[in-house]
There are 2 protein chains.
Amino acid sequence: MKYSISEVAQKLNLTVYTLRYYDKEGLMPFVERTPNGTRLFKESDIDALKVIECLKSTGMPIKEIKKFIDWCSDGDSTLQQRYDMFLERKAAVEAQVEELKQTMKLIDHKCEYYKTALKAGTENIHKDNKIGNI
Amino acid sequence: MKYSISEVAQKLNLTVYTLRYYDKEGLMPFVERTPNGTRLFKESDIDALKVIECLKSTGMPIKEIKKFIDWCSDGDSTLQQRYDMFLERKAAVEAQVEELKQTMKLIDHKCEYYKTALKAGTENIHKDNKIGNI
DNA sequence: ATAAACCCTATAGTTAACTCTAGGTCAAGC
DNA sequence: GCTTGACCTAGAGTTAACTATAGGGTTTAT
């Protein structure tokens, strides 16, 4: 089964603009074309795009992702780099989770703060109070 | 105890450029000035900046954060909005954690993929194999 | 008293990641 | 055979969040 660019955009919740932009940035050298130039995506291309989206969601910039794609094209000689990169990404995600935990702490605290303030009708109950001072 | 802009920058791991930019965007209307215009940060200003950093790390854009700061200036009449906003942020962070879990799944999978490929010396062992096809 | 090290504003420049427009090709349906 | 709609490229425009520069004012140490 092959897919057009708009089908892939829909599947991955991206725009066709974005997909063409990724292609221009060298993130999709594997996508085939019809004789007249129209992109034809196969299943494995969509899987690769999912990996790209995954890397993006770790905060990796597109230029770094391109490096990875280039390594993939280079074959087995780059296995170590690619492994190292994923280990690095794992660490990055773990750090993000840790940061979100801290963020959540403060947010929960603020939720409590406003809940009690609302009940009292005023923020003043938190003046000089432990809950107001983080 | 009062702090200069560069001290605050150091404390919060931001640049003075960033702090002045935040001020220009209306995120710090509470910071006092000396007669000649130099900013003087007090402890509570730093706490407020920590809340701003917290909101930023939930992915909230600066214009939205400004709305919150404005609500703070408006006093008790905006307690409900502020409470709702933090509930919304809580949901946003929970969604981010959920997404990171999915991301981590794929990354762990890829770590395994490359680990075994490295051991074998080639990616080919994953051709037509469950581990290669996500 | 003068240079270094801060501070300030206003404004210009940068970067990443899109997002859109203009101008064109091509296949399908009426 | 012509219109409609999906595709294409090249390149311009946008947006957010900084980041830097120019030009100028204080305070501090020698």
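Chain identifiers are assigned alphabetically (A, B, ...) following the order of the sequence lines, protein sequences preceding nucleic acid strands; residue numbering begins at 1 within each chain. It should be emphasised that the depicted structure is a prediction, and the values quoted were computed from it without experimental measurement.
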Starting at atom [atom1] of [X], determine the distance to atom [atom2] of [N], rounded to an integer number of angstrom.
| X | N | atom1 | atom2 | value |
| --- | --- | --- | --- | --- |
| B/L40 | C/dC7 | CG | P | 11 Å |
| B/I65 | D/dA16 | CD1 | P | 13 Å |
| A/D23 | D/dG11 | CG | C1' | 16 Å |
| A/Q10 | D/dC7 | CD | P | 11 Å |
| B/I5 | D/dT19 | CD1 | P | 14 Å |
| B/E32 | C/dC8 | CD | C1' | 17 Å |
| A/I52 | C/dC18 | CD1 | C1' | 15 Å |
| A/E25 | C/dT15 | CD | P | 14 Å |

Would you call B/K50 and B/E53 a salt bridge, using N to O less than 4.0 angstrom?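 So B/K50 does not pair with B/E53 through a salt bridge.
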When you check the gap from the basic side-chain N to the acidic O, do B/R20 and B/D23 get nearer than 4.0 Å?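 Result for this pair is no, no salt bridge flagged.
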By the 4.0 Å heavy-atom rule, please label A/R20 as base, sugar-phosphate, or nothing.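 A/R20: base contact, heavy atoms under 4.0 Å.
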May I ask you to say what B/S6 touches in the nucleic acid, namely base, sugar-phosphate or nothing, with a heavy-atom cut-off under 4.0 Å?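 Answer is sugar-phosphate: B/S6 comes under 4.0 Å of backbone atoms only.
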Residue [X], side-chain atoms from C-beta onward, closest of [options]:
| X | options | answer |
| --- | --- | --- |
| B/K63 | D/dA16, C/dC8, C/dC26 | D/dA16 |
| B/Y17 | D/dT27, D/dA20, D/dC18 | D/dA20 |
| A/T15 | C/dT19, D/dC7, C/dC7 | C/dT19 |
| A/P61 | D/dC7, C/dC8, C/dA17 | C/dA17 |
| B/R33 | D/dC8, C/dT9, D/dT19 | C/dT9 |
| B/I62 | D/dC18, D/dC8, C/dC8 | D/dC18 |

[N] phosphate, OP1 or OP2: any side-chain N/O from [X] under 4.0 angstrom?
| X | N | value |
| --- | --- | --- |
| B/K56 | D/dC18 | yes |
| A/S4 | D/dC7 | yes |
| A/Y22 | C/dC18 | yes |
| B/R39 | C/dC7 | no |

So, does B/D45 use its side chain to make a donor-acceptor pair with the main chain of B/K42 at under 3.5 Å?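 Yes: the side chain of B/D45 pairs with the backbone of B/K42.
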Tell whether B/K24 reaches the base of C/dT11 with its side chain through a donor-acceptor pair below 3.5 angstrom.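 Flag set: donor-acceptor pair detected.
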Checking side chain to side chain contact (heavy atoms under 4.5 Å, CB included) between A/L27 and each of A/D70, A/L49, A/I62, which is the one that passes?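 The side chain to side chain contact (heavy atoms under 4.5 Å, CB included) with A/L27 is passed solely by A/I62 among A/D70, A/L49, A/I62.
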Any donor-acceptor pair under 3.5 Å linking the side-chain atoms of B/Y3 with those of B/E43?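 Their side chains do contain a donor-acceptor pair, which is all the 3.5 Å distance test asks for.
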Earlier contact from the 5' end, DNA chain D, for B/Y21 and A/V16: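 That would be A/V16.
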Taking for each residue the nucleotide of DNA chain C bearing the nearest heavy atom, is the 5' side occupied by B/F41 or by A/G59?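 Here B/F41 is the residue nearer the 5' end.
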Parallel, tilted or perpendicular: rings of B/F86 and B/F68 (30°, 60°):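 The rings of B/F68 and B/F86 stand perpendicular, inter-plane angle above 60°.
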